[in-house]
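Every chain is numbered from 1, with letters handed out A, B, ... down the list of sequences. Any value given below was found using the heavy atoms of this structure, including those in side chains, with hydrogens, waters and symmetry copies removed.
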Protein chains: 2
Amino acid sequence: MDTTDDDDLLDLAFMALSDPVRRRLISRLSRGPATVNELAEPFEISKQAVSKHIQVLEQAQLVTRSRDAQRRPVHLNPARLEALTAWIDQYRLVREAQFRGLDAVLHSNAAHGGSSQKDRK
Amino acid sequence: MDTTDDDDLLDLAFMALSDPVRRRLISRLSRGPATVNELAEPFEISKQAVSKHIQVLEQAQLVTRSRDAQRRPVHLNPARLEALTAWIDQYRLVREAQFRGLDAVLHSNAAHGGSSQKDRK
DNA sequence: TAACTAATCAACCTATTGGTTTATCAACCC
DNA sequence: GGGTTGATAAACCAATAGGTTGATTAGTTA
């Protein structure tokens, strides 16, 4: 059931953050856990729609859920957010290093690796 | 077309990175500029499709284009990538700080602005 | 038990996305 | 000029994402 390897997870995460509503949810959750009802309150859209958004975030493991009676609080998962910044920085830093001709930085960052780069040439 | 304020730009950027093909393009471009034909070569899809993807990245200002005769090389724009990591870190760091009960970090970061590279556990 | 609350499921609708193919534009090279 | 190359535009299509409403599952409380 956990057929989500590291690469799929990156896919899901970036996909999840592509929606403005979901980014607002992340923003809200950075201030602490909240239930679906609480999260839905500031939005125009229905509670069900928000629930769906949460599921998308959950599948990307950007959030987790706990249990408190019939409530199911949503928690932010900073570790997964870090994986995103790691991916972005991987390319940003390489390019910036090249701009300055510092390939020392390039090598010290290549170790960080671990994504999907299968290009030839 | 230039009505893209900072927030729209963030929208466009995350949206752009939500596609696996576009992320592979970014990956390729981190090793240096390339033309559409060069970029399209490793992909199954048509050149036109790649061209469209480039336009999406361009609108998000994640890449820029120069001119060389009839070629139009695509260049990565590290500055915009940095804006993404800044956004993510904004929430990730706040949450991580709360985990550890360090709201000192929280306040020093609440000011926000231009977070470069400084976080390293 | 019944009633209430939190959240999800299910069916459905519409706009957008990512892809195709064909045709066109623009700059180079005999 | 005519031909070739690099890149885009236009029209179209299937799949999906994001939204809706209505019904349903759990848990809580009277």
Subject >> Distance in Å, A/S51 OG paired with A/N37 CG, rounded so as to fall on 0.5 Å steps >> reply: 9.5 Å

Original post:
To the nearest Å, how far apart are A/Q70 CD and C/dT8 C1'?
Top reply: 14 Å

Subject >> A/R28 (side chain) donor-acceptor with A/G32 (main chain) under 3.5 angstrom >> reply: yes

Subject >> Bending between helix ends of the helix from C/dT1-D/dA30 to C/dC30-D/dG1 [5 pairs per end, 10° resolution] >> reply: 20°

Subject >> First and last nucleotide of DNA chain D, 5' to 3', lying under 4.0 Å from heavy atoms of chain A >> reply: D/dA17 to D/dT28

**OP:** Apply the side-chain contact (heavy atoms from CB on, under 4.5 Å) test between A/L93 and each candidate in A/Q90, A/E96, A/R95; give the one that qualifies.
**Re:** A/E96

Original post:
Say you draw a straight line from CD1 of A/I88 to CD1 of B/I26; how long is it, rounded to the nearest 0.5 Å?
Top reply: 9.5 Å

Original post:
Using a cut-off of 4.0 Å between protein heavy atoms and nucleotide atoms, how would you tag nucleotides 13-25 of chain C 5' to 3' with B, S and -?
Top reply: ----SSBBBBB--

Original post:
Do any N or O atoms from the side chain of B/R92 and from the backbone of A/P78 form a donor-acceptor pair under 3.5 angstrom?
Top reply: no

**OP:** Report yes if the side chains of B/R24 and B/P42 come closer than 4.5 Å at any heavy-atom pair, otherwise no.
**Re:** yes

Original post:
Hey, which of A/R71, A/H75, A/R72 is the one that makes side-chain hydrogen bond (donor to acceptor under 3.5 Å, both in side chains) with A/S66?
Top reply: A/H75

Original post:
What integer distance in Å separates A/E38:CD from C/dA7:C1'?
Top reply: 13 Å

**OP:** Write down the distance between CZ (B/R72) and P (C/dA26), rounded to a whole number of angstrom.
**Re:** 9 Å

Subject >> Side-chain donor/acceptor of B/N77 to backbone N/O of B/Q61, under 3.5 Å >> reply: yes

Subject >> Value rounded to 0.5 Å, distance of CG in B/L17 from CG in A/L84 >> reply: 9.5 Å

**OP:** Determine: side-chain N/O of A/S51 to OP1/OP2 of C/dT8, distance under 4.0 Å, yes or no.
**Re:** yes

Subject >> Inter-residue atom distance A/E38.CD - A/L29.CG, 0.5 Å rounding >> reply: 10.0 Å

